[in-house]
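Accompanying notes for the structure given below.
Naming convention: chains lettered A, B, ... in sequence-line order (proteins, then strands); numbering from 1 in each chain.
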4 protein chains.
Amino acid sequence: MSSATTPARGRRRSEQTRLAILTAAYELTTEVGYPDLTIEGIAARAGAGKQTVYRWWPTKADVLLEALALKADLKVSTADQGSFEAELDAFLQDSAALMAFPGVAPVLRSLMAEAQRDADFRRRFRDGFLLKRRAALETIVERAAARGDKPDRLTGAFAADVVFGLIWYRILATERLLDEDDIAALEQLLTEHPGKE
Amino acid sequence: MSSATTPARGRRRSEQTRLAILTAAYELTTEVGYPDLTIEGIAARAGAGKQTVYRWWPTKADVLLEALALKADLKVSTADQGSFEAELDAFLQDSAALMAFPGVAPVLRSLMAEAQRDADFRRRFRDGFLLKRRAALETIVERAAARGDKPDRLTGAFAADVVFGLIWYRILATERLLDEDDIAALEQLLTEHPGKE
Amino acid sequence: MSSATTPARGRRRSEQTRLAILTAAYELTTEVGYPDLTIEGIAARAGAGKQTVYRWWPTKADVLLEALALKADLKVSTADQGSFEAELDAFLQDSAALMAFPGVAPVLRSLMAEAQRDADFRRRFRDGFLLKRRAALETIVERAAARGDKPDRLTGAFAADVVFGLIWYRILATERLLDEDDIAALEQLLTEHPGKE
Amino acid sequence: MSSATTPARGRRRSEQTRLAILTAAYELTTEVGYPDLTIEGIAARAGAGKQTVYRWWPTKADVLLEALALKADLKVSTADQGSFEAELDAFLQDSAALMAFPGVAPVLRSLMAEAQRDADFRRRFRDGFLLKRRAALETIVERAAARGDKPDRLTGAFAADVVFGLIWYRILATERLLDEDDIAALEQLLTEHPGKE
DNA sequence: GGGTAACCGAGACGGTACGTCTCGTCTTCCG
DNA sequence: CGGAAGACGAGACGTACCGTCTCGGTTACCC
């Protein structure tokens, strides 16, 4: 894709300011919590003007969404490991590790909450976060299907709903994270092949 | 337990006003959405003073939580129907019907979002809504366990996490409600007895 | 005028409560100041209901006006003492003493302020306080006029304006009270007979 | 004194808004009276936000004090006119004219009343209004003293108390303004030289 | 001595302004 | 011309009192 955009006139966006804003947002939300996080506060902490924040991000949730990518490794492994069970386990271990990363769980809870309030942000959050992780899991299930290594009636979409349902329900409703027993139970639930016998 | 409270001095709380406030809150949230719902707006619509709202409910979310009980039938059947499968089906059908009730799904999404922001409300929401429904499902699973009519490794708590996880994930992340296929898939997932063969 | 009112049916007004309210009002105004004095506060301090206060006094200023009479001796001597100078001196000494009584000056300042805001109270304050003291001074001046013991052009009304003007201006604008020098200067100003020589 | 303040960053104060607020305050107080004058009302009438009013004035009384200077000519002549009597007459005529200016007397009554309630405003009212006019009168008396053109025992401070006492007492307690007879009587009272004969 | 009327403390009610807070925009100057 | 500083219009927040209106309960007169 060639650069069809104008070749950038005037002063260029300050990368330093961008990082200062993202860092300030992430720190502030851990300190005061998402509800008391304000654009004014972020700008002040970053030594930036409010307008600079508004110029590049539409809401504080979007700042945080970008800050999250800066702070936490959002990548998830989808490498072919030979069996559905192994790949599912890798995925769940990755997910549990992400949630255990300092500050990540509260930020995700806040972003999911914000997504309920703001329909525009909901779309950005879905496309920029939820669907990416979902796609990884669906890839795994479909690869298993191709292998014949999967319960018959389990579609990728339904499996994703069950897995992410459990993860998010734990975050949002019970404030407990996934532990080894949960992962084992989930794997058992999704990999048993009752119809095969 | 006898009434140890003082025998009610002063003017009594107005039930008429209480209903007007709850109705106003429920109507307003369907009209303008939860973020634009304000205590001022509720009071104005109800013909009540702001202080009257604040006197009885700490936040607008609490008003809505109580309004929900007024508007929608929150009861869930836990009657013994002879088999785990039948009772689970009844529970899921009840839950799907509740969600399909006009205005209920958006209100629940908003309340769950609010519960992420406000730790005090989170407790009230959990105790006043989430745990009640959860208890019903756990009752069903435990009755099945007593009957020997249940997959071996499925605990009531884990089953509840999976079921409510799916329901809430659908509401919060996909905006789709449970349909018959979902219910069938969920029942299949939870009732197969792989260890029995 | 005979008592045309109905001969008092029902429970009689509680003198104890009346005194409790007046005392509470006077104490509270010295503690928190007139602006933070509230009917609710008076009632609470007196152990009375708000309605009981509203039943007998239209405003907090009226409570305070009556409380003033309870706490401070508002009487002023108009006895014939033989000379204008002696009677004027007695009046001014009385007035200075009243102002020096603990709590009186702040209450009077507040009542005069309230009289500027509330036209109804203004009339009650004028009739119930200002005019009574003014009448005393005018009596003195007129008695002096009858004796021929007074500067020619000094009318009672103008003398009263000058005297009360000075007293009130001191209270309201300078927060200084009348001292002996002021009284002497005022007496000199009003008793010199330049035209007589 | 050089300007030690920082050279003004950010958006400058809007003079247009300032005038709109002062005008709105003055108009509203004449329409509804000082007690029903509210900051909210002033802001609404001026098309301004409440915060803009609060940013620049601590109370509604301060808005009115500044509005007064905008609407009425508060200047008072202290020019040397050769005699105490002539200068005193000029001062009293000026003062009577100010009071007769539309809306001025009610505003002054309200500000004096407010000064009784709010100690902080009292100081600002004293320094910003009362003392300025007082200084003018004291200048006149002292110039007369230098000329030997003044009753022996009359100090400037006492003369000011008598003059302003009369003026304010008329405004606050009698709702009558100074007329020609009052001015004549006051001049006679202050200029007679009984000791000279 | 029962009936009835006015009082009492308590406190909920509809209102309304308070002063604060944050929003997102606009304006100004500096680099 | 990007960015900081910060004033601006807007409007909800939660609080405080207002003055009114029930309540249940207490006197005190009247028949």
Side-chain angles (χ1 to χ4, degrees), chain A residues 8-14 16-17 21 35-41 43-44 46-56 58-60, chain B residues 6-14 16-18 20 35-41 43-44 46-56 58-60, chain C residues 6-14 16-18 20 36-41 43-44 46-56 58-60, chain D residues 6-14 16-18 20 35-41 43-44 46-56 58-60:
Chain A
R9 302 244 299 149
R11 188 169 172 178
R12 237 50 63 72
R13 177 175 185 183
S14 162
Q16 179 181 323
T17 295
I21 289 169
D36 290 340
L37 180 70
T38 65
I39 299 262
E40 300 209 335
K50 288 168 60 176
Q51 198 57 258
T52 303
V53 182
Y54 280 111
R55 191 163 9 240
W56 302 107
T59 71
K60 63 175 178 174
Chain B
T6 27
R9 307 250 283 155
R11 185 175 178 173
R12 243 44 70 69
R13 178 175 184 181
S14 163
Q16 179 180 322
T17 294
R18 177 181 159 266
D36 290 340
L37 179 70
T38 64
I39 298 263
E40 300 208 332
K50 288 171 61 175
Q51 196 57 254
T52 302
V53 182
Y54 282 110
R55 190 178 293 119
W56 301 108
T59 71
K60 63 176 179 174
Chain C
T6 25
R9 302 248 297 155
R11 184 175 178 172
R12 238 49 70 68
R13 177 176 184 181
S14 163
Q16 180 181 323
T17 294
R18 177 180 160 266
D36 290 341
L37 179 69
T38 65
I39 298 264
E40 299 209 335
K50 289 169 60 176
Q51 195 58 261
T52 303
V53 182
Y54 281 111
R55 195 171 357 248
W56 302 108
T59 72
K60 64 175 178 174
Chain D
T6 26
R9 306 253 287 155
R11 184 175 180 174
R12 242 42 73 67
R13 177 176 186 181
S14 164
Q16 180 180 322
T17 294
R18 178 181 159 265
D36 290 341
L37 180 70
T38 65
I39 297 264
E40 300 208 332
K50 289 170 61 174
Q51 196 58 256
T52 302
V53 181
Y54 281 110
R55 191 178 294 120
W56 301 109
T59 71
K60 63 175 178 174

Winner on side-chain proximity to S14(D), out of dC8(F), dC17(F), dT4(E), is dC8(F)
Is the phosphate of dG9(E), meaning OP1 or OP2, less than 4.0 Å from a side-chain N or O of T17(C)?
-> yes
Mind calculating the distance between CZ (R55(C)) and P (dA5(E)) to the nearest angstrom?
-> 16 Å
Taking the nucleotide of DNA chain F with the closest heavy atom to each, which residue, G47(D) or D36(C), is nearer the 5' end?
-> G47(D)
Side chain to side chain contact (heavy atoms under 4.5 Å, CB included) between W56(D) and R13(D), worked out = CA-CA 10 Å; W56(D) 301 109; R13(D) 177 176 186 181; 3.5 Å; yes
Closest to the W56(D) side chain, choosing from dC8(E), dC13(F), dA7(F) = dA7(F)
Atom pair distance, as rounded to whole Å: CZ in R13(C) and P in dC8(E) = 7 Å
Find which nucleotide of DNA chain E each of G41(D) and G41(A) is nearest to by heavy atoms, and output the residue with the more 5' nucleotide.
-> G41(D)
State the CZ-OG1 distance between R55(C) and T52(C), to the nearest 0.5 angstrom.
-> 5.0 Å
Quick one: closest heavy-atom pair of V53(C) and A43(C), and the distance?
-> CG2-CB, 4.1 Å
Set of side chain to side chain contact (heavy atoms under 4.5 Å, CB included) partners for E40(A), sequence neighbours left out = T38(A), K50(A)
Between dG14(E) (P) and E40(B) (CD): distance, integer Å = 15 Å
Grab the two heavy atoms, one from T59(B) and one from I39(B), that are nearest each other, plus how far apart they are.
-> C-CD1, 4.2 Å
So which nucleotide from dC29(F), dC8(E), dG3(F) ends up closest to the side chain of R9(C)?
-> dC29(F)
Tabulate protein N/O versus nucleotide N/O from nucleotides 25-27 of chain E, keeping only pairs under 3.5 Å, one per line.
unit_1: dC26(E); atom_1: O2; unit_2: R11(D); atom_2: NH1; d: 3.2
unit_1: dC26(E); atom_1: N4; unit_2: Q51(A); atom_2: NE2; d: 2.5
unit_1: dT27(E); atom_1: O2; unit_2: R11(D); atom_2: N; d: 3.4

Nearest whole angstrom, please: distance from the P of dT20(F) to the CD1 of I39(C).
-> 11 Å
Which pair of non-hydrogen atoms, one from A48(D) and one from T17(D), has the smallest distance, and what is that distance?
-> CB-CG2, 4.2 Å
Is A43(B) touching bases, backbone alone, or none of the nucleic acid, heavy atoms closer than 4.0 Å?
-> nothing
Does T38(A) put a side-chain nitrogen or oxygen below 4.0 Å from OP1 or OP2 of dT22(E)?
-> no
Find the distance K60(C):NZ to dA16(F):P and express it as a whole number of Å.
-> 16 Å
